[in-house]
> 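Mind looking over this structure? Questions follow.
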Amino acid sequence: MNAAASATVANSSFYSQTQCRFSSDLRGSIPFSKAKRFLFFNDVHPRKSRLVLVPRAADPNTGKDSNEGDDEVQKQQRVMQQPPVSLSLDDVNPVGLGRRSRQLFDEVWRKFSGLGQISRTIRSDDQEALDALLVREGPMCEFAIPGAQNTTVLVVGATSRIGRIVVRKLMLRGYSVKALVRRADQEVVDLLPRSVEIVIGDVGDPTTVKAAVEGCNKIIYCATARSAITGDLFRVDHRGVYNLTKAFQDHNNKLAQSRAGKSSKSKLLISKFKSESSLHGWEVRQGTYFQDVLATKYDGGMDAKFEFTENGDAVFSGYVFNRGGYVELSKKLSLPLGYTLDRYEGLVLSVGGNGRSYVLILEAGPSADPSQSRLYFSRISTKVGFCRVRVPFSSFRPVKPDDPVLDPFLVHTLTIRFEPRRQKPVEVNATTQQDLRSFKLILEYIKALPTGQETDFVLVSCSGLGIEPSRREQVLKAKRAGEDSLRRSGLGYTIVRPGPLQEEPGGQRALIFDQGNRISQGISCADVADICVKALHDTTARNKSFDVCYEYIAEDGRELYELVAHLPDKANNYLTPALSVLEKNT
């Protein structure tokens with residue numbers, strides 16, 4: 001009986017099944033690309049019922065039934081005197097047995113790895129029980145992570161509600177962990193495991209974060225401002241992210257230089273407009289989408305120039321009054337020897353001006369034969385003032401629909417085009433008259449974004465739910481500014497926006513992954529921590545931002561999802577299929 005039960009426990013994981021939901025038939029006016037969600041089910045609850053088993057007594061001397069030779073009445077009396085053994089289907093359910101076996105293994109592993117004492121000193125039973133409850137892996141358990149032993153992860157905000165769970169999950173999987181904390185008093189030290197390397201620093205101080213990133217391969221940013229004061233929000237949620245990304249890039253470049261090379265996470269400089277000579281090779285051209293005969297009928301004039309001003313700015317400006325007319329700035333690219341754009345995943349432009357939109361055009365083909373070249377375009381929007389625009393190569397579409405997709409290896413010419421059509425008024429002073437046919441574009445630099453397979457920086461942001469309405473706007477403004485800093489850094493990123501955090505075990509309820517800003521439920525801190533850890537080595541998580549919360553029931557007539565069976569892989573990785581349907585570079 002014991003052997004059979006052990007076999008059932010050992011093999012119970014093969015019976016585990018999960019289910020998922022993803023976006024299908026979308027109704028109403030919600031765009032398809034903005035309504036993709038994914039639901040992960042990691043638990044099965046069978047209908048409960050009771051089963052009563054009546055054992056037969058045996059003679060301890062003979063080993064035979066003691067009921068032999070007795071009459072039927074005596075047998076019935078003995079049976080009635082035996083205490084019944086009550087079992088439920090949960091006791092023999094393979095899923096339940098598998099869950100309990102994993103929990104037992106978790107406890108053995110914690111003791112074996114020296115993590116039985118979570119803190120450096122013995123804490124209260126209540127706090128220790130809460131930690132054990134929140135860290136429990138349940139069906140998500142996976143301790144064998146390839147490359148974890150050679151990976152050092154810096155956890156910023158390691159003593160936060162999510163950060164302390166992230167630290168323990170990382171250590172249980174074999175990672176080396178560094179924790180960045182503002183102070184190292186006894187109370188803070190007691191919240192972290194013994195094996196964690198503690199670094200004292202302030203995310204708002206660039207000099208202190210440099211020491212924190214030394215020797216790190218990846219970063220998980222869980223820090224958040226403790227107050228709604230604008231200065232505190234700016235220091236932690238905005239400037240803190242910027243300082244960490246810059247320090248991490250500088251660290252990668254320093255390592256690359258020591259190896260007599262260039263960091264694979266560094267951007268490739270295509271053009272930097274810092275002097276009059278940097279404008280050489282750029283050509284200003286004019287054109288129209290109409291035939292010459294029609295163009296003269298609607299000719300209102302157009303002009304453009306590209307100059308280096310006294311203020312030290314490279315300015316592309318002008319106007320287009322012709323119907324169907326356009327002006328453009330073009331240059332034949334000259335990359336450093338040994339570099340090609342197929343090693344990169346897109347372009348980033350640092351620009352300023354009056355907030356107009358432009359068409360970015362890449363010409364690809366044999367440079368020796370221009371007749372074989374093909375044109376690819378992508379529309380970009382700028383803001384009033386300076387901003388950085390990220391344009392992945394995947395967003396470029398061929399001008400001729402029959403042409404193949406863009407091959408960055410063959411790109412040889414870059415063009416920035418302005419056309420009056422599709423221009424939208426920008427939010428400026430209401431008394432200012434806007435002429436959408438004129439433009440001004442200040443160019444600072446154009447760089448190529450490095451490609452990669454995995455996430456370098458995981459940022460835990462917020463969706464805005466659960467924040468007091470009086471301070472929600474300023475909190476979200478600081479959070480979004482930090483997100484923008486991460487996207488512009490060139491690092492591979494994953495931005496997680498959870499719903500209101502709840503202190504309860506993870507892995508117990510279905511999750512929704514959404515990019516439509518429509519989530520309405522909370523989520524366990526342990527579930528958010530598990531997503532952060534899994535995103536470190538998940539290729540589908542790179543350069544994606546998403547909201548996540550518990551599953552909720554849609555109103556009648558507004559169901560947007562259908563139930564689809566999903567069999568998880570060997571590592572029970574629910575994140576890969578969940579994020580594979582979401583848009584990249586968001």
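Computed over heavy atoms, backbone and side chain alike; hydrogens, waters and symmetry mates excluded.
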> With a 4.5 Å heavy-atom cut-off, do Val460 and Cys532 have their side chains touching?
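Contact flag for Val460/Cys532 side chains = yes.
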
> What pairs with Phe234 under ring pair (Phe, Tyr, Trp, His ring centres under 6.0 Å), at least two apart in sequence or on another chain?
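If we apply the ring pair (Phe, Tyr, Trp, His ring centres under 6.0 Å) test to Phe234, skipping adjacent residues, the hits are His238.
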
> Consider only side-chain N and O atoms of Thr540 and Ser580, and report whether a donor and an acceptor are under 3.5 Å apart.
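Side chains of Thr540 and Ser580: no pair found under 3.5 Å.
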
> Between Ser463 and Asp547, do the side chains contain an N or O donor and an N or O acceptor separated by less than 3.5 Å?
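Side chains of Ser463 and Asp547: no pair found under 3.5 Å.
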
> Indicate the atoms forming the closest heavy-atom contact of Ala364 with Tyr376, along with that distance.
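The pair with the smallest heavy-atom distance is CB-CE1, 4.1 Å.
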
> Which pair of non-hydrogen atoms, one from Leu465 and one from Ile519, has the smallest distance, and what is that distance?
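Result for this residue pair: CD1-O, 3.0 Å.
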
> Using side-chain heavy atoms (C-beta onward) and a distance below 4.5 Å, is Leu233 in contact with Val475?
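Answer yes - side chains close enough.
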
> Would you say the side chain of Leu268 lies within less than 4.5 Å of the side chain of Arg343, judging by non-hydrogen atoms?
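Sidechains of Leu268 and Arg343: no contact.
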
> So among Arg379, Arg356, Arg437, which one has a salt bridge (charged side-chain N to carboxylate O under 4.0 Å, His left out) with Glu419?
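When Arg379, Arg356, Arg437 are each tested with Glu419, the salt bridge (charged side-chain N to carboxylate O under 4.0 Å, His left out) holds only for Arg379.
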
> Working to the nearest 0.5 angstrom, can you tell me the gap between Ser489 OG and Arg390 CZ?
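Spacing of OG (Ser489) from CZ (Arg390) equals 7.0 Å.
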
> Inspect the surroundings of CD1 in Ile229 and state if more than 12 heavy atoms from other residues, nucleotides or ligands are less than 6.0 Å away.
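Open: at most 12 neighbouring heavy atoms sit under 6.0 Å from CD1 of Ile229.
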
> Check whether NZ of the Lys or CZ of the Arg Arg417 lies under 6.0 Å from the centre of the six-membered ring of Tyr326 and within 45 degrees of that ring's axis.
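Output yes; distance and angle both within limits.
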
> Side chains of Gln423 and Ser357: closer than 4.5 Å at any heavy-atom pair?
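The answer is yes; the side chains approach within 4.5 Å.
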
> Mind checking whether Phe439 and Phe316 have ring centres under 6.0 Å apart?
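Yes, ring centres under 6.0 Å apart.
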
> Checking side chain to side chain contact (heavy atoms under 4.5 Å, CB included) between Phe546 and each of Asp514, Ile512, Val496, which is the one that passes?
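Going through Asp514, Ile512, Val496 one by one, the side chain to side chain contact (heavy atoms under 4.5 Å, CB included) with Phe546 is satisfied by Val496 alone.
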
> Hey, what do you get for NE2 (His412) to OG1 (Thr340), rounding to the nearest 0.5 Å?
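Rounded to the nearest 0.5 Å, the NE2-OG1 separation comes to 14.5 Å.
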
> Can you tell me how far OG1 of Thr413 sits from CD1 of Ile361, rounded to the nearest 0.5 angstrom?
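Output value for this atom pair is 11.0 Å.
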
> Give every residue pair that meets the salt bridge (Lys or Arg N to Asp or Glu O under 4.0 Å) criterion with at least one member in residues 475-485, sequence neighbours excluded.
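Residue pairs passing salt bridge (Lys or Arg N to Asp or Glu O under 4.0 Å), neighbours aside: Asp237-Lys479, Arg480-Glu483, Glu483-Arg487, Glu483-Arg497, Asp484-Arg487.
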
> Quick one, Asp456 and Asn252 - any side-chain contact, counting heavy atoms below 4.5 Å?
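Answer no - side chains too far apart.
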
> Hey, can you tell me if Phe306 and Trp282 have their rings parallel, tilted or perpendicular (30° and 60° cut-offs)?
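Perpendicular, since the angle between the ring planes exceeds 60°.
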
> For the residue pair Lys218 and His537, what are the closest heavy atoms and their distance?
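The pair with the smallest heavy-atom distance is CE-CE1, 3.8 Å.
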
> Between Thr382 and Tyr358, is there a side-chain heavy-atom distance shorter than 4.5 Å?
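Yes, side chains in contact.
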
> State, with a plain yes or no, whether a side-chain heavy atom of Phe418 is found less than 4.5 Å away from one of Leu441.
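No. Closest side-chain heavy atoms not under 4.5 Å.
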
> Could you state the interatomic distance from CD1 (Ile220) to CG (Leu170), rounded to the nearest 0.5 Å?
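One finds 5.0 Å between CD1 of Ile220 and CG of Leu170.
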
> Mind listing the closest non-hydrogen atom pair of Ile416 and Leu443 along with its distance?
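Heavy-atom minimum between the residues: CD1-CD2, 4.2 Å.
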
> Does any non-hydrogen side-chain atom of Leu244 lie less than 4.5 Å from one of Leu154?
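Yes. Closest side-chain heavy atoms under 4.5 Å.
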
> Quick one: list whatever passes salt bridge (charged side-chain N to carboxylate O under 4.0 Å, His left out) with Arg182, sequence neighbours left out.
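In terms of salt bridge (charged side-chain N to carboxylate O under 4.0 Å, His left out), with neighbours along the sequence ignored, Arg182 is linked to no residue.
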
> Can you see whether Asn217 engages Tyr175 through a side-chain donor-acceptor pair at a distance of less than 3.5 angstrom?
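No, because no side-chain N or O of Asn217 sits under 3.5 Å from a partner of the opposite role on Tyr175.
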
